[in-house]
Structure formats: C-alpha cells, structure tokens
Amino acid sequence: MRKQENEAIIPSHSDWKTTPTRHVEAAGTRFAYRRLGPEGGMPVVLLNHWGGNLDNFDPRIVEGLATDPPVYTLGYQGVGESGGEVRPTVAAMAADTTAVIHALGLDWIDLIGFALGGFIAQQILLDEPDLVRRAILAGTGPAGGTGIDRVGSVSWPLIVKGLVTFRDPKTYLFFTSTPNGRRVARAFVKRLKERISGRDKAVPPAVFLCQLKAITAWGKQSPQLLKTIRLHVLVANGDHDIMVPSTNSKDLARRIPDAELTLFPDAGHGGIFQYHDAFLTKARTFLNA
C-alpha cells in the first residue's frame, strides 16, 4: 500500500468527533473524506447511503472498525464538501470512488458499502476486481433487484412523515415501527449528532433527487454477472428492510459464489446500525480471517 505524502505527517485519530475532514484531488474534482485509526493494516473504505454526507456514517461502526486498520469514509461528488456535480449513474459514482482510492495511494483495500454505497461497491468489484480483498455489502441489492426502482415511492411519504413529526426521516426509513425499533432509532440519530464542530455541509433536496435517478436506474438495469466476483463477501441487512427489500440481500448472497449472509431480526434498512455491536464483531472476524 502506497501512502499520500501528506498522510504521513497528519496524526492518526481514534475519535470520530474530532478527526478532521480532509480533501484529495481525483477525477478533476476535490473530494472530502475522513480517516480514522492507526497507520498500519489493511485499509477499510466505507461508502454511504442515498443523500448521505460524511456526518451520516455511524460513529460506533467507524470507531469500532478503526481499532485495528485505518478506516476511510469517502464523500461523493457534489455532496457535502466534495466539489463537482452529483453523478447521474452508479457506474459514474464507482469510477469516481476508484479514482479517489487510487489518489489516496491505496492499492488494495477492504470495502464496505451501505445501501447506495453497496450498489457502488458491487460495480467496483466488477470493474476493478484486483483492488478489493474482501467486501461487505449492507442494506443493498443487485442491479435490477426487487423493489429498488421503487425506493422513491416508498421513501417520500416517510420523509414527509419525518418532517411533520419533527423527527429525522431515518427513524422511519431505517428502523422498524416496533418499540425496540423506535428505541434504537433514537439512539442512532443521537449518535449522528455527536460531532459538534467541523461538520460536513448539509445535503440539499437537489442532491437527493439526482441520486434517486441513479438508484431508480440501478433498479431497472439488467442483472450483472455477480458470479464472476471471486473474493469473499459478507452480505448483511435487517430482515424487514422496506427501502431495499431484504430479499435482495438473499439474492446477493445466492448469486455471489463466496458470500455469506447475515440478517438481523426485527430490523430494517439500518440493521447494521441497530445491531452495531453484533455487526462489528461479525465484520472484524470476517475482515481478519
């Protein structure tokens, strides 16, 4: 693994609340990212969900992963502090992401993609199979997967519900409506607010709309040859995901030859956030095997 020259002189951070936002030039654009954890070890790259900026990564997962390897959370073009325009397709977002990874001097990585980030991760596995050692695909599904082209129609009413009830829409989008689901939703939203200073720029509605077009197109796209993915893959989700229906996780695990599946009970799209301790145990075991 190569290192950027400036990486060597910036101290490592173990606290998500204080790790600085950094920038790297790639694909003709200035991308925002954060780095957490030690210098050594296999780097882990995290890719986030629809409309997510750098402050939408779960602090417990980032900090938990960064106890061993360095963890990089990447911003998308046109989102938050990253420059440029929002990319119109998953393939274009994947090309941006690989350009950023290479610009950071990373030759071989472990890759974790959640939701939209999981679409992008799949595309990277197909486009640059030698870049990734192991991959975790969470809350996501394959191109042409069941219900993915209806993410918008499922999400907009719940986004409006969040606005009128003065709650973060992820309360309804990511978690079940059971008492346990509502409790863990409150805890998750609270975690996202832990970082006080140096927060990423807010994401305007236009970004959500543009990314949704890419998500809808992914849902209507012809299935990809996932059987050509030869690395070890962990597929994770809640068993009641209404955004990217959980059947897609089962489909991914079935179609990728060396894949294993974990479905968390009484959990929705944000199953890995609801069960972050169990997910971290599973993820660290998987990545260190």
Side-chain angles (χ1 to χ4, degrees), residues 16-17 34 46-64 73-76 79-80 86 112-120 136-141 147-148 150-196 199-212 214-215 236-246 248-249 263-280:
W16 181 245
K17 295 189 293 292
R34 292 177 187 155
L46 272 59
L47 307 177
N48 218 344
H49 57 76
W50 172 34
N53 64 14
L54 293 177
D55 293 320
N56 286 120
F57 289 96
D58 188 339
R60 295 297 84 76
I61 289 179
V62 180
E63 291 174 344
T73 60
L74 306 187
Y76 299 130
V79 181
V86 179
I112 302 178
F114 171 66
L116 171 60
F119 305 159
I120 297 167
I136 299 176
L137 305 174
T140 194
I148 294 175
R150 297 192 296 274
V151 166
S153 61
V154 169
S155 299
W156 290 128
L158 297 177
I159 291 172
V160 171
K161 183 177 181 179
L163 294 174
V164 299
T165 59
F166 302 101
R167 292 183 178 178
D168 189 310
K170 290 186 283 294
T171 300
Y172 305 110
L173 293 169
F174 283 14
F175 301 93
T176 63
S177 58
T178 65
N180 182 56
R182 290 292 177 255
R183 178 182 60 81
V184 294
R186 289 192 296 270
F188 172 69
V189 171
K190 184 178 180 180
R191 292 199 298 274
L192 296 185
K193 297 177 181 178
E194 288 177 355
R195 185 182 178 102
I196 303 300
R199 291 183 65 85
D200 203 0
K201 292 172 62 176
V203 180
V207 168
F208 283 86
L209 291 171
C210 189
Q211 286 189 339
L212 181 59
I215 292 169
N237 202 352
D239 63 354
H240 286 82
D241 187 345
I242 62 171
M243 292 191 70
V244 182
S246 303
N248 288 291
S249 296
L263 290 178
F264 296 106
D266 184 27
H269 190 57
I272 64 170
F273 311 134
Q274 178 169 338
Y275 289 91
H276 55 87
D277 287 333
F279 172 71
L280 280 170

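Throughout, residue positions are numbered sequentially from 1 according to the sequence presented.
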Legend entry - Sub-4.5 Å side-chain heavy-atom contact between Phe119 and Thr140: yes
Inset, instruction - Kindly give the heavy-atom pair with the smallest separation between Ile242 and Leu173, and that separation in Å. - result: CG1-O, 4.3 Å
Legend entry - Leu263 versus Asp239, closest heavy-atom pair with distance: CB-CB, 4.5 Å
Inset, instruction - Sequence neighbours left out, what passes salt bridge (Lys or Arg N to Asp or Glu O under 4.0 Å) with Asp168? Give chain and number order. - result: Lys170
Inset, instruction - Just say parallel, tilted or perpendicular for the rings of Tyr275 and Phe264, cut-offs at 30° and 60°. - result: parallel
Legend entry - Residues forming a side-chain contact (heavy atoms from CB on, under 4.5 Å) with Arg150, sequence neighbours excluded: Ser153
Legend entry - Qualifying residues under side-chain hydrogen bond (donor to acceptor under 3.5 Å, both in side chains), relative to Asp241, sequence neighbours excluded: Asn237, His269
Inset, instruction - Apply side-chain hydrogen bond (donor to acceptor under 3.5 Å, both in side chains) to Tyr172 and list each qualifying residue two or more places apart in sequence or on a separate chain. - result: Thr165
Inset, instruction - Step through the shown structure and confirm whether more than 12 heavy atoms of other residues, nucleotides or ligands are within 6.0 Å of NE2 on His240. - result: no
Inset, instruction - Measure the CE-CZ distance between Met243 and Phe174 for me, rounded to the nearest 0.5 Å. - result: 6.0 Å
Legend entry - Pair listing, salt bridge (Lys or Arg N to Asp or Glu O under 4.0 Å) test, anchored in residues 199-210, at least two apart: Asp55-Arg199
If you look only at distance, which donor and acceptor atoms sit under 3.5 Å apart when one is on a side chain in residues 56-64 and the other is two or more places apart or in another chain?
{"from": "Asn56", "atom 1": "OD1", "to": "Asn53", "atom 2": "N", "distance (Å)": "3.0"}
{"from": "Asp58", "atom 1": "OD1", "to": "Arg60", "atom 2": "N", "distance (Å)": "3.0"}
{"from": "Asp58", "atom 1": "OD1", "to": "Arg191", "atom 2": "NE", "distance (Å)": "2.9"}
{"from": "Asp58", "atom 1": "OD2", "to": "Arg191", "atom 2": "NH2", "distance (Å)": "2.7"}
{"from": "Arg60", "atom 1": "NH1", "to": "Glu194", "atom 2": "OE1", "distance (Å)": "3.4"}
{"from": "Arg60", "atom 1": "NH1", "to": "Glu194", "atom 2": "OE2", "distance (Å)": "2.8"}
{"from": "Arg60", "atom 1": "NH2", "to": "Glu63", "atom 2": "OE1", "distance (Å)": "3.1"}
{"from": "Arg60", "atom 1": "NH2", "to": "Glu194", "atom 2": "OE1", "distance (Å)": "2.9"}
{"from": "Glu63", "atom 1": "OE2", "to": "Trp16", "atom 2": "N", "distance (Å)": "2.9"}

